[in-house]
Amino acid sequence: VAPDAETDDGLLGLVAVTDVPLHQRPRCVLAAARGRLQSHPGVLGRRVTSATVRAEESLPCHVDGEAFVLGPGEEMRVKLLTGRAIVVEP
């Protein structure tokens, strides 16, 4: 989804889909599958060290392939910790 993301540059690839009309959402899905989502109107791409997302209403989200919904008034903070490794065990 974030084709410019690098694993060693100290930045997070942030991709946000803004108000995309329902009839254009299939194009967003296809663009994402082809690695060209950021070229679609209504898509914001940035490289950041941290980000905060606040939901005004229910907001479907995906972080590193995990899907969830932020409820109204909920907030998600993401911060890159350099020099750290995360190990996930089954």
Colleague: For a quick test of reading the model, state the closest non-hydrogen atom pair linking Gly71 to Ala55 and the distance between them.
Modeller: O-CB, 3.4 Å

Colleague: Determine, step by step, whether Val53 and Glu75 satisfy the side chain to side chain contact (heavy atoms under 4.5 Å, CB included) criterion, reporting the C-alpha distance in whole Å, the side-chain angles of both residues, the deciding distance to 0.1 Å, and the verdict.
Modeller: CA-CA 6 Å; Val53 176; Glu75 177 176 285; over 6 Å; no

Colleague: Identify whether Val63 and Leu12 are in the same connected component of the hydrophobic contact network (ILVMFWY, side-chain heavy atoms under 4.5 Å).
Modeller: yes

Colleague: Taking all atoms of both residues into account, what is the closest heavy-atom pair of Gly10 and Leu80, and its distance?
Modeller: O-CD2, 2.8 Å

Colleague: Just wondering, do Leu11 and Thr49 contact through their side chains at under 4.5 Å, heavy atoms?
Modeller: yes

Colleague: Can you see which heavy atom on Ser58 is nearest to which on Val69, and at what distance?
Modeller: CB-CG1, 4.2 Å

Colleague: Please round to the nearest 0.5 Å and tell me the distance separating atom CE of Met76 and atom SG of Cys61.
Modeller: 4.5 Å

Colleague: Under the side chain to side chain contact (heavy atoms under 4.5 Å, CB included) rule, what do His62 and Phe68 come out as? Steps first, then yes or no, please.
Modeller: CA-CA 6 Å; His62 291 261; Phe68 60 96; over 6 Å; no

Colleague: Taking the basic N atoms (NZ, or NE/NH1/NH2) and the acidic carboxylate oxygens, is any pair closer than 4.0 Å for Arg54 and Glu56?
Modeller: no

Colleague: Would you name the heavy atoms of Val20 and Gln24 that are closest together and state the gap between them?
Modeller: CG1-CB, 3.6 Å

